[in-house]
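One structure is given below, encoded as structure tokens.
The shown structure was predicted, so the numbers you read here are calculated from the model rather than taken from an experiment.
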Amino acid sequence: MSQHILTAVAWPYANGPRHIGHVSGFGVPSDVFSRYQRMAGNKVLMVSGTDEHGTPIQVQADKEGLTARELADRYNRVIVEDLQALGLSYDLFTRTTTENHYAVTQEIFKGLHANGYIFPQTTMGAISPSTGRTLPDRYIEGTCPICGYESARGDQCDNCGNQLDPIQLINPVSKVNGETPIFVETEHFMLDLPAFAEVLASWLSSKEGDWRPNVLKFALNMLGDMHPRAISRDLDWGVPIPLEGWSDQANKRLYVWFDAVIGYLSASIEWARRSGDPEAWRQWWQDPEALGYYFMGKDNIVFHAEIWPAMLLGYNGQGARDGEPGSLGALNLPAEVVSSEFLTMEGRKFSSSRSVVIYVRDFLERYDADALRYYIAVAGPENQDTDFTWSEFLNRNNGELVAAWGNLVNRSISMAAKNFGVIPEAGELSDADRAMLERSRAAFPKVAAEFQHCRFKNATNEAFEVIREANRYLAEQEPWKIKDDPARVKTILHVALQVVDDAKTLLTPVLPNSSNKIYAMLGGTCVWSGMPEIQEVTDDDGRTYPIITGSYDGAARWESSPIRVGSPLAPPTPLFVKLDPKIVEEELARLGE
């Protein structure tokens, strides 16, 4: 039975281009999952956009001599172009500086406030002595008062995982210019997280066995340290606070983390409006059978496994103070928070300032998108921190994509095209033929189970086992040596081509570009797996900006379909580029190795 599946993808911050570490956490895993779910017959809504508010945008804008709006516009377009080039099949990739997002964010605030889960409080805010600007929590570093870690951020300690306030840090300094911040009294709105401790504990406990253990353990551990969290800041760049006496204050805005998580909902509502059915979003957010999967790196677990669920519960009136759902109605909580670990590069953390980085755009200028997608799927940080090395990338590209998969496709199609010009029919099957076909068909439920549970490495490796067995099958059958039995040659090549077609389907979520090419090589005439496109749209205020969208209702289905006997075949072109080993030295030189 078809289900509505929301794929909620973490919002990349628009203060610069994204590197491959970013897309290994939120980008490729979410797209692999969405493509599989569409092939399985489910109705997927994959949404995200650029996160564009907050002081970090202003800081970077100052460095580049731009306004905050100009900077957001610049990097929104860069990120849109890069993610589209990577083949990420967003139904809508938008941005947080739209009129729609402002309206939805303010509605969630009003619903939480009406139910008593938001309250004003005088706090101590961090100010830069030289500029007079508020310093964002994440731009203040110091020693953690809990575990003693010397590089704790003002919002969270990455060593012990505890939430912090900047004033709690020992010896705090600004990451912007090294100054010691000044702490002054200021009034802000707070989200009453302790009011959700009991209901969150019950909800998270129900996820045992479904969520990745590292995510669930982290989220449950955080329950013991819940305290009210500020949702506003002294800024002039962000969503205005929608309350009398606050909305007209030029230096009071909703905190960027608060409005960013609401983006999943606002993007869904924008998508519905652009699709021509403004109420369509409700099928993914209010149908009790709908499931929402949230994809991000592990530094965002607390926002998606605790804070966003708390906001949804509060808006629904389901916290300790009860209440009534807001005007949008009750909203679904996440079905799963799919968090990846961190990707390092050649043994070091990604660092733009130290040139330990490769941006998505630069990578795709030199290498295939499918090669990067494959590497992330089989060697990415799915459940543990992982190191990207150029030598491993070279080996996986040449040894697996080229020598295993590309070789199987090329040999099978080349021999059939040369000898028969069409997909040949099979004659009487031998035991080896039947075993090969059965092995290929049997992979579908196995790979499906792995994709369904977001185990992308297992899924991809199982598909490649089929490819390796098919290569062994051809090596053992040796159709190129058979001179006096054309019927047998036809049968062997028919079996090989059927397995190629099956493997193409199994790998479509990971390798959509090459799978589309194989589909066409085997006689496909329509779209197999739809690819994203960029459209220019206009906001309610007349501003034009790019979005990623697309039609993904292609022919791809999660099943083994009989190949079409008699379909014309032409000599194939190589699927993947074999890389020169010299690229390792060249890329390391770019890193300053």
Side-chain angles (χ1 to χ4, degrees), residues 6 8 53 96 98-123 163 186-203 223 226-235 238-270 272-273 278-279 281-282 284-288 290 292 302-334 540:
L6 172 71
H53 292 126
T96 57
T98 66
E99 295 291 316
N100 169 74
H101 178 71
Y102 275 46
V104 176
T105 298
Q106 292 175 334
E107 166 55 27
I108 296 297
F109 175 95
K110 289 187 286 188
L112 286 164
H113 186 265
N115 285 336
Y117 296 110
I118 288 177
F119 59 90
Q121 178 176 299
T122 299
T123 65
Q163 297 176 51
T186 184
E187 188 174 29
H188 286 299
F189 279 101
M190 313 292 287
L191 176 64
D192 189 5
L193 286 174
F196 304 102
E198 184 176 341
V199 66
L200 280 175
S202 176
W203 174 68
L223 290 176
M226 297 189 78
H227 53 81
R229 186 158 184 151
I231 63 167
S232 61
R233 272 294 179 263
D234 294 313
L235 297 169
V239 181
I241 299 170
L243 286 180
E244 186 176 351
W246 291 79
S247 60
D248 57 352
Q249 292 191 45
N251 66 334
K252 293 287 187 184
R253 292 292 185 270
L254 291 174
Y255 208 164
V256 62
W257 71 256
F258 180 83
D259 88 84
V261 291
I262 296 171
Y264 303 118
L265 176 61
S266 69
S268 301
I269 292 173
E270 181 183 345
R273 177 171 59 83
E279 301 300 311
W281 64 272
R282 298 185 186 277
W284 283 269
W285 285 90
Q286 295 178 325
D287 180 348
V302 66
F303 292 103
H304 295 84
E306 287 192 341
I307 295 176
W308 178 229
M311 291 165 61
L312 291 167
L313 288 163
Y315 186 81
N316 294 347
Q318 295 174 311
R321 295 190 181 85
D322 297 324
E324 297 293 330
S327 65
L328 294 174
L331 303 168
N332 290 345
L333 269 64
D540 293 338

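Considering only residues two or more places apart in sequence or on other chains, A310 meets the side-chain contact (heavy atoms from CB on, under 4.5 Å) condition with L193, F196, L200. A search for side chain to side chain donor-acceptor pair (under 3.5 Å) contacts involving N100 returns nothing, not counting sequence neighbours. When the side chain to side chain donor-acceptor pair (under 3.5 Å) test is applied to R253, no partner is found at least two apart in sequence or on another chain. The ring pair (Phe, Tyr, Trp, His ring centres under 6.0 Å) search around H304 returns Y264, not counting sequence neighbours. With sequence neighbours left out, W257 forms a side chain to side chain donor-acceptor pair (under 3.5 Å) with no residue at all. Not counting sequence neighbours, the partners of D259 by the side-chain contact (heavy atoms from CB on, under 4.5 Å) test are H53, T96, H101, T105, V239, V256. For the side-chain contact (heavy atoms from CB on, under 4.5 Å) test, no residue two or more places apart in sequence or in another chain qualifies with E198. Every residue was checked against the ring pair (Phe, Tyr, Trp, His ring centres under 6.0 Å) condition with F258, not counting sequence neighbours, and none meets it. The side chain to side chain donor-acceptor pair (under 3.5 Å) check on E306 picks up nothing, with sequence neighbours excluded. The side-chain contact (heavy atoms from CB on, under 4.5 Å) test applied to A197 returns M226, not counting sequence neighbours.
Here the closest non-hydrogen pair linking H188 and K252 is CE1-NZ, 3.7 Å. Between L254 and P240 the shortest heavy-atom distance is CD1-O, 4.1 Å. Contact detail for G238 and Y102: the closest heavy-atom pair is O-OH, 3.5 Å. Closest approach of W281 to L328, counting heavy atoms only: CH2-O, 3.9 Å. Pairing each heavy atom of W285 with each of L312, the nearest pair is CZ3-CD2, 4.4 Å. Between P334 and W308, the shortest heavy-atom distance links the atoms CG-CD1, 4.4 Å.
Side chains of I118 and I231 form a contact here, defined as non-hydrogen atoms less than 4.5 Å apart. Between S232 and Y255 the shortest side-chain heavy-atom distance does not fall below 4.5 Å.
Sequence neighbours left out, not one pair with a member in residues 109-119 passes side chain to side chain donor-acceptor pair (under 3.5 Å). The salt bridge (charged side-chain N to carboxylate O under 4.0 Å, His left out) pairs that include a residue from residues 317-332 are D192-R321, where partners are two or more places apart or lie in different chains.
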Given side chain to side chain donor-acceptor pair (under 3.5 Å), test W284 with S268 step by step and report yes or no.
CA-CA 8 Å; W284 283 269; S268 301; over 6 Å; no
Do I262 and F109 pass the side-chain contact (heavy atoms from CB on, under 4.5 Å) test, and can you show the C-alpha distance, the side-chain angles, and the key distance before you say yes or no?
CA-CA 10 Å; I262 296 171; F109 175 95; over 6 Å; no
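Using a distance-only test at 3.5 Å, with no hydrogens or angles considered, a donor-acceptor pair links the side chain of N316 to the main chain of L331. Side-chain N or O atoms of E107 include one that pairs as donor or acceptor with a backbone N or O of S327 at under 3.5 Å.
In this structure, the separation between CD on E187 and CG on D234 is 10.5 Å, given to the nearest 0.5 Å. Taking CD from E270 and CG from L265, the interatomic distance works out to 12.0 Å, rounded to the nearest 0.5 Å.
The neighbour count for E244 CD, taken as heavy atoms of other residues, nucleotides or ligands under 6.0 Å away, does not exceed 12.
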